[in-house]
Structure formats: structure tokens, C-alpha cells
Asker: 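For reference, the structure I am asking about is given below.
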Amino acid sequence: MAKQILFSLPILLVFLLHCITTLGQPAAAPAQPANAPVQPANAPVQPATPPVVQPAKAPAPVQSAKVPPTQKSVPDVTKILGKTSGFSIFIRLLKSTGVSDQLYGQLNNSNNGFTMFAPTDAAFSNLKAGTINSLSDLQKTQLVQFHILNTVISLSNFQTLSNPVPTEAGDTSDGEFPLSVMTAGNQVNISTGLVNTTLGGTVYSDNQLDIYQVEKVLLPLDIFNPKPKKHKAPAPAPTLLSTPKDNDDESQSDSTKVNESSPVSISGHGVLVSIEVVLVAFILTKGVHGV
């Protein structure tokens with residue numbers, strides 16, 4: 001027991017010495033923070049009333065731009081034929097007669113279509129010299145119009161035509177400018193009564209205009225072999241209206257007066273003439289006896 005006390009005594013002394021040393025030192029000041037948080041100068045002012053949120057406006061509808069109508073492509077026969085060599089004479093006739101302008105205007109302002117038979121320059125050169133120049137302006141126009149049908153006819157539809165085929169030159173209902181079209185397989189034959197030819201190749205074709213080449217000028221009968229025009233019988237003379245009966249009586253009485261005053265009239269007054277003859281004879285007799 002005494003040994004344990006002696007062993008613990010030095011430890012207790014060291015502990016007491018350490019406590020005395022610790023208590024004798026001044027307490028350390030608490031460490032200050034490096035940077036204190038900065039307080040805002042003024043707190044944000046809250047609005048008195050909350051802002052009214054306006055509903056978003058719907059975007060205005062976008063106006064579609066007006067698209068101009070598609071321009072109608074109108075074929076020009078003179079330009080089409082001009083691109084193909086060998087039609088200079090027919091082009092000149094189309095222009096000089098004004099038929100090309102008429103076709104262009106009709107194709108531009110309507111849905112009508114046309115079929116044209118275009119004679120080549122060789123076809124015109126085969127004509128008798130001066131044939132075209134001898135025609136009047138009206139006949140030249142009719143000659144060109146005789147080569148134009150007032151409908152679009154494709155090669156496969158010529159067999160559907162009924163003869164005589166109407167052309168721009170005249171009305172076939174009156175027998176003017178007859179044109180006959182006949183088909184034999186893929187061949188198309190054209191007859192005017194003076195000229196027979198076969199349809200050649202296709203120069204131009206669309207849904208408005210078909211142009212075909214022909215090797216002969218289509219000469220119409222009405223220009224180069226016209227029929228004599230039938231003269232109408234003269235109208236009968238107008239009949240006189242019968243006069244009333246009273247007028248007949250008056251005319252008879254007038255004729256009677258004329259007959260009475262005329263010494264030539266005997267039939268109506270035979271008795272009076274006889275009396276006059278007797279009186280003359282009696283006077284002459286008395287005169288003779290008196291002598």
C-alpha cells in the first residue's frame with residue numbers, strides 16, 4: 001500500500017504543476033473573421049402593387065402575296081414557220097393578208113384551236129407564173145384561210161372528220177370552198193376538186209395549234225374555177241287590186257258617154273243613125289220633087 005502511494009505521488013505533482021502553469025497564462029482573444037459580410041446600402045423597394053401582366057397578342061396573320069396569273073403562251077405561226085426553212089412565200093402571204101395577226105388574236109383571247117396546212121416554197125414555184133399575183137386582195141386572203149381548219153386535228157384524228165371539211169375561207173353549208181380529207185392507214189389525202197395532195201410531216205403541234213407540211217398549194221374551186229352564179233328569176237309584177245263595184249259602174253257610165261259623143265260608135269246607137277239616114281233621104285227627095 002505504501003509503495004502504491006509513493007508511485008502515484010510524483011504523477012500527482014506533475015499534474016498539479018501543469019495546471020498551475022496553464023492557469024497563469026492570459027486567455028487568447030477570439031479570432032476575428034477575415035471579412036465581415038457587406039450589408040446592402042438600401043434594401044430593394046417592393047412595388048406597392050404587383051405589375052399587371054398583359055396577355056401576349058397573337059401574331060397578325062401573314063398576308064399571302066398575290067401571285068399574278070400565269071401568262072398564256074400563244075404560238076405565233078410566222079415565227080414557228082420561220083424557224084423551219086422552206087415556207088417564206090406562205091409566211092409572206094400570212095403577213096400581207098393579216099391572217100397571221102387574226103390567228104394570234106384568236107389564240108390569245110379564246111380557247112379555240114386551229115390546224116394549218118403549210119405549202120412549201122416548192123409548192124408555190126410549181127404554180128403557173130403569175131397565179132398568186134393575179135388574185136385580188138380578198139382572194140389572197142381566202143386562199144390562205146382555205147389552208148386553215150378551225151379546230152385542232154392530230155394525225156390520228158383526221159379519220160373522224162366529215163366531208164366537206166369546214167375551213168376559215170367559207171361556210172361549207174352553202175357549198176363554198178369545199179375541202180375533202182380522206183385517210184388510208186397512216187396516210188392523209190387532201191382534195192380541193194382541183195388539187196390532190198398528201199399530208200406531209202408535222203411542223204408544229206400543241207393543244208392550240210397543229211401545222212402540217214403539204215407539197216402542193218390547195219387551190220379552191222371558188223377562186224380558180226368558180227361556178228356560174230345562178231341568177232334569180234325576176235320577181236312577178238304586183239297585181240292590181242280590184243276596184244269596188246261602184247267604181248265599175250261609174251267607169252261604164254263614163255265609157256257610155258264617150259261612145260255617145262263619138263260619131264264612130266254605132267253599136268250602141270244603131271236606131272239613131274237609122275233615123276238620121278231616113279231624114280236625110282226624105283229631105284233630098286222633097287228637094288228633087290220641088291225642082
Asker: Ring pair (Phe, Tyr, Trp, His ring centres under 6.0 Å) with Y212: which of F114, Y204, F158?
Answerer: F158

Asker: How close do P220 and F177 get, counting heavy atoms only, and between which atoms?
Answerer: CB-CD2, 3.6 Å

Asker: Donor-acceptor pair, D210 side chain versus V152 backbone, under 3.5 Å?
Answerer: no

Asker: Give the intermediate values and the outcome of side chain to side chain contact (heavy atoms under 4.5 Å, CB included) for residues V99 and T141.
Answerer: CA-CA 7 Å; V99 175; T141 300; 4.1 Å; yes

Asker: Is there a donor-acceptor contact under 3.5 Å from the side chain of N109 to the main chain of G105?
Answerer: yes

Asker: Tell me the closest heavy-atom pair linking G82 and I91, and the distance in Å.
Answerer: N-CD1, 3.6 Å

Asker: Nearest 0.5 Å, what's the CG-OG1 distance between L93 and T78?
Answerer: 13.0 Å

Asker: How long is the span from the CD1 atom in I132 to the CD1 atom in I89, to the nearest 0.5 Å?
Answerer: 8.5 Å

Asker: Working to the nearest 0.5 angstrom, can you tell me the gap between T202 OG1 and Q213 CD?
Answerer: 10.0 Å

Asker: On a heavy-atom basis, which atom in P119 and which in A123 lie closest, and how many Å separate them?
Answerer: CB-CB, 4.1 Å

Asker: Who passes side-chain contact (heavy atoms from CB on, under 4.5 Å) against D101, sequence neighbours left out?
Answerer: none

Asker: Please check this pair: side chain of T120 against backbone of E215, looking for a donor-acceptor N/O pair closer than 3.5 Å.
Answerer: no

Asker: Scan for ring-ring contact (aromatic ring centres under 6.0 Å, His included) pairs involving residues 74-99, sequence neighbours excluded, and state none if there are none.
Answerer: F90-H147

Asker: Hey, does the side chain of D137 reach the backbone of T97 with a donor-acceptor pair shorter than 3.5 angstrom?
Answerer: no

Asker: M182 and L199: same hydrophobic cluster, using ILVMFWY side-chain contacts below 4.5 Å?
Answerer: no

Asker: To the nearest 0.5 Å, what is the distance between CG (N163) and CG (L179)?
Answerer: 7.5 Å

Asker: Give the minimum heavy-atom separation between F146 and P178, together with the two atoms involved.
Answerer: CZ-O, 3.5 Å

Asker: Considering only heavy atoms from C-beta outward, does the side chain of K140 approach that of S96 to under 4.5 Å?
Answerer: no

Asker: Under the 3.5 angstrom rule, does the side chain of Q139 hit a backbone N or O of S136 as a donor-acceptor pair?
Answerer: yes

Asker: How many angstroms lie between atom CE of M116 and atom OG1 of T167, to the nearest 0.5 angstrom?
Answerer: 12.0 Å

Asker: Might you point out which heavy atoms bring A122 and S125 nearest each other, and give the distance in Å?
Answerer: O-OG, 2.7 Å

Asker: Side-chain donor-acceptor pair under 3.5 Å between S154 and N157, yes or no?
Answerer: yes

Asker: For A169 and Q142, work out which heavy atoms get closest and say how close.
Answerer: CB-O, 3.5 Å

Asker: Among T197, V217, I190, exactly one meets side chain to side chain contact (heavy atoms under 4.5 Å, CB included) together with F117. Which residue is that?
Answerer: I190

Asker: Apply side chain to side chain contact (heavy atoms under 4.5 Å, CB included) to residues I211 and T84 and explain how you reach the verdict.
Answerer: CA-CA 12 Å; I211 302 178; T84 305; over 6 Å; no

Asker: Out of L135, L138, L218, which residue meets the side chain to side chain contact (heavy atoms under 4.5 Å, CB included) rule with L143?
Answerer: L135

Asker: Once you round to the nearest 0.5 Å, how far does OG of S205 lie from CD1 of I153?
Answerer: 11.0 Å

